[in-house]
Number of protein chains: 2
Amino acid sequence: MDGPTTRAARRTHGDLRIRAARAWTREHGDEAPHLQLLASDRAELGRIAEVIEYRTAGSRVFSYGEAANFLYLLVDGLVASSLSLDNGERQIVAFYWPGDLFGLAEDGHYVNTAEILTPSTVYRFPIRQLERFLIDHPRIQHGFFIKAVHDLRATQRQLLVMGRFDVSRRLAAFLLDCSGHDDYFDQPTRVLALPMTRYDIADYLGTSAESITRAFGLLEGQGLLRRRTAKAVELTEKLKTYVEM
Amino acid sequence: MDGPTTRAARRTHGDLRIRAARAWTREHGDEAPHLQLLASDRAELGRIAEVIEYRTAGSRVFSYGEAANFLYLLVDGLVASSLSLDNGERQIVAFYWPGDLFGLAEDGHYVNTAEILTPSTVYRFPIRQLERFLIDHPRIQHGFFIKAVHDLRATQRQLLVMGRFDVSRRLAAFLLDCSGHDDYFDQPTRVLALPMTRYDIADYLGTSAESITRAFGLLEGQGLLRRRTAKAVELTEKLKTYVEM
DNA sequence: CGCGGAGTTGATGAGCATCAACCCAAGTGG
DNA sequence: CCACTTGGGTTGATGCTCATCAACTCCGCG
């Protein structure tokens, strides 16, 4: 498989956006799912970043245990972050969509593996430089802090899904999450494009690919969705009511 | 049930400690599970905090959906953070031990319910004041950021446990987590004091209280632990090997 | 002493993992 | 251009894990 291509970050950093809802306070007109970074902030951040493009699905941005020298911002594409057991079983702990940060580490080593699911573009920031930079730019650091809190909330929510939902409900909740990403969900037709395989979904929802297929069948049987192709699903409004929380 | 008692934060803030491993970089002598805050930092933080004591188990620090005006730091005791479904099922998404921060919110409202499990002492910080304070004190904000990342890692790990482990393994992993807290684990005798009920453990591990009891039985049958009383368990060294990751 | 909640044990059935077989679409190479 | 390959997707059969309901014990407490 061919490796990624690297180049210096572009002049304009309009694509440097961090996806996150506000942590505690609500501010006027704060509905946007993206943090507001000033143009000057973006430019400064862009200065310490490199742009990398990954072409091939299946390639890895980094692997568990590697020395962690970079933090990544996904600009375009889809990335999965996973943990694996000795027996080879894999648990995907997060899908990263455009605007997401990834590259969690502990004591200088990555604590999970980041895998490319579709051709992707990322910014990568040298950790040490970034840490210094954040100390010097409290407002930007605050944005990163809010992002971390946002991800923490989302992961806790997923814990509820895993702990209390059967497979059909988990799938329904997952599809609704996906439908929040306009790159993959066409509002007018309500058709969701699924960039990942059944196996990926299963490894995310703590079940098997067969069970995912059967859950699709169940939801379809109840008129909550319609499979156009294996990777394109039309969602109905009723789907929301199926996931009671 | 009697309410909590409030008083101004004390002069000395030696108990203001934030529990977290470093996010990315490892620094010399950085083994301690607590962030290093300067004495002056602690004093400044303490100035905007109030100390609250909760006597009665079962009382709530805050409930889902309430206006979020405070962030909490647990000094002593044990607190559970949970989400509930319409049907009353409860999922505990985290136990908070001394040194943990809690009070996640979104758009100004708490996104889970914090419940007192044992008599507890907390610091509480007015959110708005704290946010201003953190912007003005980048190093302390950095500590909070690291704490958030630490919690995110821990929650992702729990997601692996929930997605890939059977009940016995989940319980074993949970007991090992608990044994990391010296307040409740006596190193010499290897006896762990469990401050929570079977129901709490079940609601954390996404199972039922009966299954927890049976899992205890299975682990005991394999010589991995010994139940002294319902709330005191002697762990063996072998327990670690049972949870292969 | 009697009450109530936690803990335990047993019986039963449902949901799902697993294994196996098969279909289908996209590539690949002759 | 078409056979062949490969991996994802689907469907069916079977057994196991665990949720659930019920009964009972144990313990602390007024």
Side-chain angles (χ1 to χ4, degrees), chain A residues 1-2 55-58 80 85 87-92 115 117-119 161-172 175 193-222 225-233, chain B residues 1 55-58 80 85 87-92 115 117-119 161-172 174-175 193-222 225-233:
Chain A
M1 91 185 124
D2 42 25
R55 299 263 188 80
T56 21
L85 300 176
N87 62 18
E89 282 184 293
R90 175 180 73 150
Q91 176 68 40
I92 291 180
E115 195 176 317
L117 295 187
T118 70
V161 169
M162 300 284 283
R164 294 294 154 201
F165 285 4
D166 60 21
V167 174
S168 302
R169 291 250 196 123
R170 288 185 213 178
L171 179 59
L175 295 174
L194 288 171
M196 70 289 285
T197 70
R198 299 285 186 264
Y199 295 92
D200 293 330
I201 301 176
D203 284 352
Y204 180 60
L205 298 181
T207 181
S208 64
E210 295 92 330
S211 292
I212 293 296
T213 292
R214 286 185 242 269
F216 267 118
L218 280 172
L219 295 178
E220 193 163 27
Q222 301 186 36
L225 57 78
R226 229 160 57 90
R227 278 175 288 187
R228 303 296 196 96
T229 74
K231 301 229 166 180
V233 189
Chain B
M1 82 186 132
R55 300 264 189 80
T56 21
L85 300 176
N87 63 17
E89 281 184 294
R90 177 180 71 151
Q91 176 70 39
I92 291 180
E115 195 176 317
L117 295 186
T118 70
V161 169
M162 300 282 284
R164 294 294 153 201
F165 285 5
D166 61 19
V167 173
S168 301
R169 289 248 195 128
R170 289 186 212 176
L171 179 59
F174 173 69
L175 293 175
L194 288 170
M196 70 290 284
T197 70
R198 298 285 187 265
Y199 294 93
D200 293 329
I201 299 175
D203 285 352
Y204 180 59
L205 298 181
T207 180
S208 64
E210 294 92 330
S211 292
I212 293 297
T213 291
R214 287 186 242 270
F216 267 118
L218 280 172
L219 295 179
E220 193 164 26
Q222 300 187 36
L225 56 79
R226 229 160 57 91
R227 279 177 286 188
R228 302 298 194 97
T229 72
K231 301 229 166 179
V233 189

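Per chain, numbering begins at 1; letters A, B, ... match sequence-line order. Quick note: numbers below take in every heavy atom, side chains included, and nothing from hydrogens, waters or symmetry partners.
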Quick check on dA19(D): is either OP1 or OP2 less than 4.0 Å from any side-chain nitrogen or oxygen of Ser211(B)?
yes

Sub-3.5 Å donor-acceptor pair from the side chain of Asp200(A) to the main-chain atoms of Thr197(A), do we have one?
yes

To the nearest Å, how far apart are Leu218(A) CG and dA14(C) P?
15 Å

Roughly, in whole Å, what's the span from CZ in Arg214(B) to C1' in dT9(C)?
7 Å

To the nearest 0.5 Å, tell me how far Arg90(A) CZ sits from Glu115(A) CD.
5.0 Å

Verify the contact: side-chain N or O of Arg227(A) to OP1 or OP2 of dT10(D), cut-off strictly under 4.0 Å; return yes or no.
yes

Please state how far atom NZ in Lys231(B) lies from atom P in dA6(C), giving the value in whole angstrom units.
8 Å

Of all the nucleotides listed (dC16(C), dT10(D), dT8(C)), which has the minimum atom distance to the side chain of Ala230(B)?
dT8(C)

From the candidates dA19(D), dA6(C), dT10(D), the one with an atom nearest any side-chain atom of Thr207(B) is dA19(D)

The side chain of Thr213(A) is closest to which nucleotide in this list: dG7(C), dT11(D), dC18(D)?
dT11(D)

Starting at CD1 of Ile212(B) and ending at P of dT20(D), how long is that distance when rounded to a whole Å?
14 Å

note: Arg170(B), atom CZ; dA19(D), atom C1'; distance rounded to Å ~ 12 Å

Taken to the nearest 0.5 Å, the spacing of Asp166(A) CG from Leu218(A) CG works out to 8.5 Å

Would you check, one step at a time, whether the test side-chain contact (heavy atoms from CB on, under 4.5 Å) holds for Leu205(A) with Phe165(A)?
CA-CA 10 Å; Leu205(A) 298 181; Phe165(A) 285 4; over 6 Å; no

When the distance from CZ of Arg198(B) to P of dT9(C) is rounded to whole Å, what number comes out?
10 Å

Nearest-angstrom distance from the residue atom CG of Leu194(A) to P of dG9(D)
9 Å

Rounded to the nearest Å, what distance is computed from the OH atom of residue Tyr199(A) to the P atom of nucleotide dT18(C)?
13 Å

Any donor-acceptor pair under 3.5 Å from Arg198(B) side chain to Glu210(B) backbone:
no

What contact category does Ser208(A) fall into here, base, sugar-phosphate, or nothing, at under 4.0 angstrom with non-hydrogen atoms?
base

Among dG7(C), dT9(C), dA20(C), the one nearest Glu210(A) by side-chain distance:
dA20(C)

